[in-house]
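One structure is given below, encoded as structure tokens.
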Amino acid sequence: MKNIVAGLGEALWDVLPDGRKLGGAPANFAFHAGQFGMDTVAVSALGDDSLGDETCSELDSKGLRHLMPRVPFPTGTVQVTLDKAGVPAYDIKEGVAWDNIPFTPEMESLARGCRAVCFGSLAQRNTVSRDTIHRFLKATPKDCMRIFDINLRQNFYTKEVIQESLRMCNVLKINDEELVIIGRMFGYPGLDMSNKCWLLLGKYNLDLLVLTCGVNGSYVFTHGEMSFFETPRVEVADTVGAGDSFTGSLCAALISGMPVAEAHRLAVDVSAYVCTQNGAMPELPEVLTSRIARKA
């Protein structure tokens, strides 16, 4: 196996006001990268329960390959409530399968063939999954794109976990609210947003830093260059999975050799489209997917 794009971490169901939908940032990321022709895999753990069976069936129906061992914990769920603007708030259940992802020989083999992997802070709240994520990342090739989509949720993160993740990644994706938290946590609250981003880029020797600011646009920082695009105005159904679609499409575009600014533009358009749809994994129209020349 080679040129694998993996989403690594939590596998869960978002229990939304209009019903239950499969979610979790890693599967969302992998699903959207896969819509651009990438060889994608969602990596996590499931309970030996009916919801675990349903997860596999749902991923199979979406054509998303998955490596999710069964463990003696329940499959994860999240209670999602939406405000009037469609912005979600999450109640994430603890002691679930994705807190206990085992590092298997199959995972090690997969890691060695990765072209890119996306991980976050949430799945590192438990030491079992944190150790697996670290071992997976260490097994990836040197030129693998290791994306830390920081995803600060509730109180499920520590300074130590974030610092170690920043050392292991070469791409950071963060939103404006998270940047404020990180600035305070790391002791540089006085800097403006862009200076914080330049500082993180240099301090952790990152290749790329993505800053999303909701309706106020998004930025991509690389060494000596910054790309900015406004957020398109669309009729929002909900924003669940929009950030993951941004990351997945950006990753696919960069792997395909697209210039940074062009890849950024595509990611903005994809995430705007996802906001117009219900749920985290809508099928993208060809007008978007055809913008990547499938060279990877």
Side-chain angles (χ1 to χ4, degrees), residues 1-10 23-44 62-67 110-111 113-121 123 133 136-137 140-151 165-166 168-175 201 204 206-212 218-222 225 227 229 241-274 280-284 288-296:
M1 292 183 292
K2 61 180 181 177
N3 294 337
I4 303 293
V5 175
L8 172 62
E10 62 272 17
N28 296 341
F29 162 83
F31 175 76
H32 287 292
Q35 293 197 76
F36 292 96
M38 302 293 110
D39 186 5
T40 53
V41 186
V43 182
S44 187
K62 291 183 177 295
L64 178 56
R65 201 148 57 95
H66 47 92
L67 179 55
L110 185 75
C114 271
R115 182 83 175 269
V117 57
C118 185
F119 68 104
S121 60
I133 289 170
F136 191 104
L137 293 169
T140 58
K142 286 185 177 180
D143 61 350
C144 178
M145 186 187 301
R146 291 178 291 276
I147 305 165
F148 180 36
D149 188 352
I150 193 165
N151 258 341
S165 298
L166 285 168
M168 291 189 295
C169 76
N170 47 34
V171 176
L172 171 64
K173 179 173 175 285
I174 191 167
N175 67 35
L201 190 78
Y204 292 98
L206 305 173
D207 295 329
L208 202 79
L209 188 151
V210 179
L211 172 66
T212 59
S218 59
Y219 303 78
V220 176
F221 296 83
T222 57
E225 184 180 350
S227 170
F229 285 106
D244 304 321
S245 72
F246 186 111
T247 314
S249 52
L250 180 73
C251 173
L254 293 173
I255 286 175
S256 298
M258 193 177 280
V260 170
E262 192 178 342
H264 182 193
R265 172 80 267 179
L266 175 62
V268 167
D269 292 343
V270 168
S271 60
Y273 175 79
V274 170
M281 298 187 191
E283 185 175 340
L284 298 176
L288 290 173
T289 58
S290 63
R291 282 164 59 180
I292 288 185
R294 301 182 182 187
K295 299 181 288 187

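These figures come from a predicted structure and were not determined experimentally. Heads up: numbering here begins at 1 and tracks the sequence.
A distance-only check finds no donor-acceptor pair linking the side chain of S271 to the backbone of A242 [under 3.5 Å].
Annotation: the span from I4 atom CD1 to R65 atom CZ amounts to 4.5 Å, rounded to 0.5 Å. Atoms CE and SG, on M145 and C118 in that order, are 10.5 Å from each other to the nearest 0.5 Å. Interatomic distance, OH of Y273 versus CD of E283, reported as 8.0 Å (0.5 Å rounding). A distance of 7.0 Å separates CG of L284 from OG1 of T289, quoted to the nearest 0.5 Å. For the atom pair L110 CG and F136 CZ, the distance stands at 4.5 Å (nearest 0.5 Å). Here the CZ atom belonging to R115 is positioned 9.0 Å from the SG atom belonging to C251, to the nearest 0.5 angstrom.
Closest approach of L64 to A27, counting heavy atoms only: CD2-O, 3.6 Å. The two residues R291 and R265 make their nearest non-hydrogen contact at NH2-CG, 3.6 Å. Between M281 and F31 the shortest heavy-atom distance is O-CE2, 3.4 Å. Across all non-hydrogen atoms, the minimal contact from P141 to A111 is CD-O, 3.4 Å. I255 and A116 make their closest contact through CD1-CB, 3.8 Å (heavy atoms, listed as atom of the first residue, atom of the second, distance). Pairing each heavy atom of A253 with each of A263, the nearest pair is CB-CB, 3.5 Å.
Residues M168 and Y204 fail the side-chain proximity criterion, which asks for heavy atoms closer than 4.5 Å. Residues I147 and L208 form no side-chain contact, since every pair of their non-hydrogen atoms from C-beta on lies 4.5 Å or further apart. With a 4.5 Å cut-off on side-chain heavy atoms, V274 and P282 count as touching. Within the 4.5 Å cutoff, no side-chain heavy atoms of S256 are placed close to those of F36. Residues L288 and D269 meet the side-chain proximity criterion, which asks for heavy atoms closer than 4.5 Å. Looking only at side-chain heavy atoms (C-beta outward), L206 and C169 come within less than 4.5 Å of each other. Between F29 and D149, the closest side-chain pair of non-hydrogen atoms is not below 4.5 Å.
Relative ring orientation between F148 and F119 is described as parallel, the plane-to-plane angle staying below 30° on a 0-90° scale split at 30° and 60°.
Of the residues V210, N175, L250, V268, the one that meets the side chain to side chain contact (heavy atoms under 4.5 Å, CB included) test with S218 is V268.
Judged as a side-chain hydrogen bond (donor to acceptor under 3.5 Å, both in side chains), and not counting sequence neighbours, N170 has no contacts. In terms of the side-chain contact (heavy atoms from CB on, under 4.5 Å) criterion, residue partners of A33 (sequence neighbours excluded) are, by chain and number, V5, M38, T40.
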**Report entry** side chain to side chain contact (heavy atoms under 4.5 Å, CB included) assessment of D207 paired with T222
**Finding:** CA-CA 6 Å; D207 295 329; T222 57; over 6 Å; no

Practice problem: I would like to know whether T247 and H32 meet side chain to side chain contact (heavy atoms under 4.5 Å, CB included); could you show each step before the answer? | Solution: CA-CA 8 Å; T247 314; H32 287 292; over 6 Å; no

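Identified under the salt bridge (Lys or Arg N to Asp or Glu O under 4.0 Å) test for residues 243-254, with sequence neighbours left out: none.
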